[in-house]
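To start, the structure under review is shown below, and the notes come after it.
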Amino acid sequence: MTAFCADGPMAEIEHLQSHVSDRLAAEALIVDVDGFEGPLDLLLTLSRTQKVDLRQISVLALAKQYLAFVERARELRIELAADYLVMAAWLAFLKSRLLLPPDPEDDGPSGEDLAAHLAFQLERLEAMREAGAKLMARDQLGRDFFARGIPESYERVRRVRYSATLLDLMQGYARIRTRDEFRPFVMDRQSVMTMEEALDRMRNLINFAGSWTDLSSYMPDGWGSDPVRRRSATASNFAASLELAKAGKIEIRQGDTFAPIQIRRRHDG
Amino acid sequence: MAEPDLNPPLFDAPPLADQERMVEAILFASAEPVTVAELNARMPHGCDAAAALDLLRKRYEGRGVTVMKVGEAWAMRTASDLGYLMQREVVETRKLSRAAIETLAIVAYHQPCTRAEIEEIRGVSVSRGTIDQLLELEWIRFGRRRATPGRPVTFVVTQGFLDHFGLESARDLPGLKDLRAAGLLENRPVPGTGGDEVETDDDQSDMFDGEGETDEGETDQ
Amino acid sequence: MAEPDLNPPLFDAPPLADQERMVEAILFASAEPVTVAELNARMPHGCDAAAALDLLRKRYEGRGVTVMKVGEAWAMRTASDLGYLMQREVVETRKLSRAAIETLAIVAYHQPCTRAEIEEIRGVSVSRGTIDQLLELEWIRFGRRRATPGRPVTFVVTQGFLDHFGLESARDLPGLKDLRAAGLLENRPVPGTGGDEVETDDDQSDMFDGEGETDEGETDQ
């Protein structure tokens, strides 16, 4: 802690008087450094030792107290969080601004402006802290006053009504019949391979697959060229292979995403 | 209180009006009905919960909330005649799914009609859910079993169906020729273009066949 | 109802006394505040919930249960002077940390309020957990994004907050007027930062200014 004091002889005396208690306070603070919610909180606590209204606070004295605190923490090899050190640097800067005559070259904010802002921040933080305390001191729901203990739920009974008109019906029928005129529905089945079909085929073929084979090689002849048929057969073969794997008949593997899927007969299966 | 007037208790019990407030608050906030004994135990010494309860019951007579006895205990409940305020019936109108409309149309035009026949005409299988929905709506019902191997059930449309669609009988349904005349068959899909869209849709429902609900996925609102 | 007597509506609304019973039943049954609009929606056509509510409030004045305004909604709650009778109903809640209480107060008094503003006032970064806890309690919620660079989200207090602390509106926060008069709810820029941006002559004050936003590392509690 610096012995330097800029506030005149009276302050010097006061300073000496409070020297011991300040140090004790600073030590108490250091022990409890984890209890602070950041540098502003620490400043607010330190400012209370001045025992004046926050509006009359001596920011210079406060800066000194804070710097002494940080110094002490350093001596005790207590790691301070970065923002405490940032604040210390800023306060050191503020202190020099307050103590040195203003530099005419520098058009930045005056030390007084910065000090006033810091005082405002402290006052605002304290005000919010008090507001929080007042809020928590209010009567609270579930503690001081209570809601209905057996609430009756407001039910929304949903009833669905389906609508269909004669026109919908006729259009639906027309849609089917018109389709029939052009494309007999039986044609549709020619491009579809069901999973059952695929399963039947693979059950027979799998007995020959002692080593890893691509699943795509199980494509039936003539199904690979037409995209619609290829899609159907691929899907069904895949589903069938999953069925077989589930039944413990085959093993299945894929090297990577989108890599070929390979299967082989399980030797014990 | 049994104390004689000449010898008042050390602490006066609160006035009965205050006791009534207490009972009111306790009954309101309690998650369960409360017995008189419990009330007395919770209220300050010297209170007479039964008397306070009596006052409270009278106060709530004819109100929107009543004080009721539940077994040996007491509770406050909303008046039973206002129960309708606690629920609201929301009627949702939904369009019937395409699968259901087509199935219904086929039954109407081809009744009596088996499920296999419906599938043959639609070109895709018909999910259990679709049939169930139409049965539930009471627009179709089971007809006679067909006298063919397996004796499959048939479906026919109901009187409810005729009422809903404003028909005298199923024979009054317009025929294909009428549909064409009415312009309903004009938009003939060219194979591979317009019809394809229909196709894709049906394939989809075919894929999810048997799940019923999924088949109805296209319902709106 | 604004209908003139000469031209009565097709269906008469129930007498106001009955409407009062209805409002009583609805508010009584609900643990959550109910808005006048909701009341009107649930009551029969032509009812005037606001008028009925007025009657009801008067009826419950000084009772063990009171009708309270909570933001735009209304709720029935036990009178707070009877809280001591309700020890059994007390729901043990986790004690809020100092950080959470301060953050809540800052949001309430400065709303809508960004995270950076909370951090500036507290002089320390706000941990995710603190905000999460308040969101989870449904005491704060996201407000509109601020129309400043980065469009930061803002926080505001909820109806649940008002309900919990027995406040009619955020304007009734304790000491709000005094704080405003003292200028403590203003957002004063740090001297030398020019309020908006630019003017980076003063490196150190800039450092401090930006500190709240960049140093997310430290968490509280």
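In the text below, chain A, chain B and the rest are named by the order of the sequence lines, each starting its count at 1.
- A 6.0 Å sphere centred on CD of C:Glu138 holds no more than 12 heavy atoms belonging to other residues, nucleotides or ligands.
- Comparing A:Leu44, A:Leu94, A:Leu125 by heavy-atom pairs within less than 4.5 Å of chain C, the highest count is held by A:Leu125.
- Between C:Gln111 and C:Val157 the shortest side-chain heavy-atom distance falls below 4.5 Å.
- Residues from residues 74-85 of chain C that place a non-hydrogen atom less than 4.5 Å from a non-hydrogen atom of chain A comprise C:Met76, C:Arg77, C:Thr78, C:Ala79, C:Ser80, C:Gly83, given in numerical order.
- When C:Leu104, C:Ile101, C:Asp178, C:Val65 are compared by the number of non-hydrogen pairs under 4.5 Å with chain A, C:Ile101 comes out ahead.
- Contacts between C:Leu176 and chain A at a heavy-atom distance below 4.5 Å are absent for every atom of the residue.
- For the set C:Leu185, C:Leu167, C:Ile26, the entry with the most heavy-atom pairs within less than 4.5 Å of chain A is C:Leu167.
- If you tally non-hydrogen atom pairs under 4.5 Å between each of A:Leu141, A:Leu43, A:Ile150 and chain C, the highest count goes to A:Leu141.
- Listed for the A:Glu37 side chain is no donor-acceptor partner under 3.5 Å among the backbone atoms of C:Val124.
- Under the side-chain contact (heavy atoms from CB on, under 4.5 Å) criterion, C:Leu184 pairs with A:Phe120, A:Glu123, A:Arg124, A:Ala127, C:Leu179, C:Ala182, sequence neighbours left out.
- The choice from C:Thr66, C:Asp163, C:Ile121, C:Ile106 that makes the most heavy-atom pairs within less than 4.5 Å of chain A is C:Ile121.
- The closest side-chain heavy-atom distance from A:Tyr66 to A:Pro39 is below 4.5 Å.
- For chain A, the nearby part of C:Tyr109 is the side chain; its heavy atoms alone come within less than 4.5 Å.
- Side chain of A:Ser96 to backbone of A:Phe93: a donor-acceptor contact under 3.5 angstrom is found.
- For the set C:His110, C:Glu186, C:Arg42, the entry with the most heavy-atom pairs within less than 4.5 Å of chain A is C:Arg42.
- Side-chain contact check for C:Arg141 versus C:Val156: some heavy-atom pair is nearer than 4.5 Å.
- With hydrogens and angles ignored, the 3.5 Å screen pairs no side-chain donor or acceptor of C:Asp18 with any backbone N or O of C:Pro14.
- A salt bridge links A:Glu75 to A:Arg72: one of the charged nitrogens lies within less than 4.0 Å of a carboxylate oxygen.
- Residues C:Glu120 and C:Arg115 fail the side-chain proximity criterion, which asks for heavy atoms closer than 4.5 Å.
- Neither the backbone nor the side chain of C:Leu27 has a heavy atom closer than 4.5 Å to any heavy atom of chain A.
- Residues C:Leu96 and C:Trp139 have side chains in contact (heavy-atom distance under 4.5 Å, counting atoms from C-beta outward).
- The residue among A:Arg143, A:Glu130, A:Arg129, A:Lys134 with the most heavy atom pairs within less than 4.5 Å of chain C is A:Arg129.
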